[in-house]
Chemist: 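Before anything else, here's the structure in question.
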Amino acid sequence: MQILVTGGLGYIGSHTTVELLQKGFDVVIVDDLSNSKLNVFDKVKEITGKKPYLEIIDLKDKIKVEKLFRDFNFDGIIHFAAHKSVNESVNFPEKYFKNNIGALENLLENIDEEMYFIFSSSCTVYGQADRMPITETFPIKKSESPYGETKQICEGILKNFCEANPLFNNITLRYFNPIGAHKSGMIGELPLGKPENLVPFLTQTAIGKREQLVVFGDDYNTSDGTCVRDYIHIEDLAGVHVSCLEYLIQKKNKANYEFYNVGTGKGLSVLELINLFEKVNNVKINYRIGERRKGDVVIAFADVSKILKNVGWECKFSVEDALKSSWIWEKNLKNE
Ligand code: UD1
């Protein structure tokens with residue numbers, strides 16, 4: 001089966017492509033290199049021994065997207081391609097609306113028959129949930145950022161598209177916090193410039209690229225005062241896409257629009273994560289407590305029983321595994 005992976009050279013996209021190739025799928029990667037590097041393609045080929053196709057296309061380009069659909073005959077699409085910086089989206093909202101929504105619309109305009117589609121969403125759609133763990137029945141709250149709003153809008157577009165097109169089968173995955181790197185040590189997260197997310201900042205501090213990690217606030221109403229998140233290993237996250245694709249192909253879905261939380265089900269505070277990183281990797285992190293970051297939710301961790309019950313998917317890796325792999329990846333990056 002031929003699967004289009006948009007954003008296939010990115011962090012989640014590259015790991016998912018590896019998993020798909022190893023499961024025997026034929027993969028066409030589309031990427032515009034806006035937040036990825038071309039050498040990831042070589043790494044993916046080296047890890048798998050397989051040769052996916054690669055098309056360097058900006059999905060906002062309608063003409064090129066039409067040609068893509070004429071050149072290939074996709075059975076499924078996993079749509080990752082999107083801008084993802086919360087901060088940047090606040091300063092350049094138009095960039096986010098045009099790209100994240102425009103890309104999805106251009107893809108959908110070319111789909112008129114049976115298609116398996118997996119959409120990359122985020123737990124950010126829940127905002128600060130009233131209680132934990134977060135189940136899929138929780139309300140979608142007003143978004144804190146244009147980035148979050150694009151995810152909410154895309155979810156809505158897909159829901160409507162499914163209602164109008166019974167042969168279109170979609171699964172929307174609401175990721176919690178992906179961390180870690182591939183076991184080969186060859187692919188991982190590649191933040192361009194100063195990282196916004198915790199783990200890349202932490203590994204860059206550990207290796208000496210950054211002087212000090214700032215913990216954004218320790219006066220929250222949590223066990224140690226720092227924010228709590230659900231950190232999921234990137235290899236688990238890659239695996240869930242393949243499991244969901246197989247679930248759709250085997251026609252196990254009850255509706256043609258389904259959506260799931262993807263996390264571990266366990267919450268970890270920022271300080272707990274730092275301590276765990278130090279312990280499993282035997283390194284010291286230079287950190288200090290700083291101001292709260294605007295827009296941070298206090299606690300977010302998933303109830304993952306729906307995806308286990310319906311799709312039969314659950315995590316295989318621990319946070320310890322993820323933190324070890326992040327450190328190996330950072331050390332490998334230093335040697336590049
Ligand atoms: C962030 C986005 C979320 C998005 C996700 C994509 C915000 C508010 N949320 O999630 O919408 O889907 O990235 O990857 O930006 N932290 C520090 N110091 C740092 C960096 C982070 O203390 O230098 C803390 C944060 O306050 C947070 C935790 O670490 O409590 C995780 O932060 P991060 O990795 O940025 O992820 P989220 O904020 O959960």
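Numbers here are sequence positions counted from 1. Just so you know, ligand 1 is whichever comes first in the structure, and atom 1 is the first atom listed for that ligand.
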Chemist: If you count the non-hydrogen atoms of other residues, nucleotides and ligands that lie under 6.0 Å from CD in Glu291, is the total more than 12?
Modeler: no
Chemist: Numbering the atoms of ligand 1 from 1, which are under 4.0 Å from a heavy atom of Tyr231?
Modeler: 28 (C), 31 (C)
Chemist: Considering only heavy atoms, does Glu144 approach ligand 1 within less than 4.0 Å through its side chain, its backbone, both, or neither?
Modeler: neither
Chemist: Purely on distance, is any nitrogen or oxygen of Cys227 under 3.5 Å from one on ligand 1?
Modeler: no
Chemist: Between Glu278 and Ile285 (side chain of the first, backbone of the second, donor and acceptor by atom type, cut-off under 3.5 Å), is there such a pair?
Modeler: yes
Chemist: Side chain, backbone, both or neither: which part of Asn87 comes within less than 4.0 Å of ligand 1 when only heavy atoms are counted?
Modeler: neither
Chemist: For atom 14 (O) of ligand 1, what is the nearest protein heavy atom, given as residue, atom name and distance?
Modeler: Asn197 ND2, 3.4 Å
Chemist: Between the main-chain N or O of Asn253 and the side-chain N or O of Asn310, is there a donor-acceptor pair closer than 3.5 Å?
Modeler: no
Chemist: Taking N or O atoms only and a 3.5 Å limit, does Lys294 qualify as a polar contact for ligand 1?
Modeler: no
Chemist: What atoms in ligand 1 come closer than 4.0 Å to a heavy atom of Val215?
Modeler: 22 (O)
Chemist: Looking at Asp219, I'd like to know if its CG atom is crowded, meaning that more than 12 non-hydrogen atoms belonging to other residues, nucleotides or ligands lie closer than 6.0 Å.
Modeler: yes
Chemist: If the plane angle is over 60° it's perpendicular, under 30° parallel, otherwise tilted; pick one for Tyr257 and Phe259.
Modeler: tilted
Chemist: Where on Leu198 is there a heavy atom closer than 4.0 Å to ligand 1, on the side chain, on the backbone, on both, or on neither?
Modeler: both
Chemist: Salt bridge check: are Lys141 and Asp130 linked by an N-O gap of less than 4.0 Å?
Modeler: yes
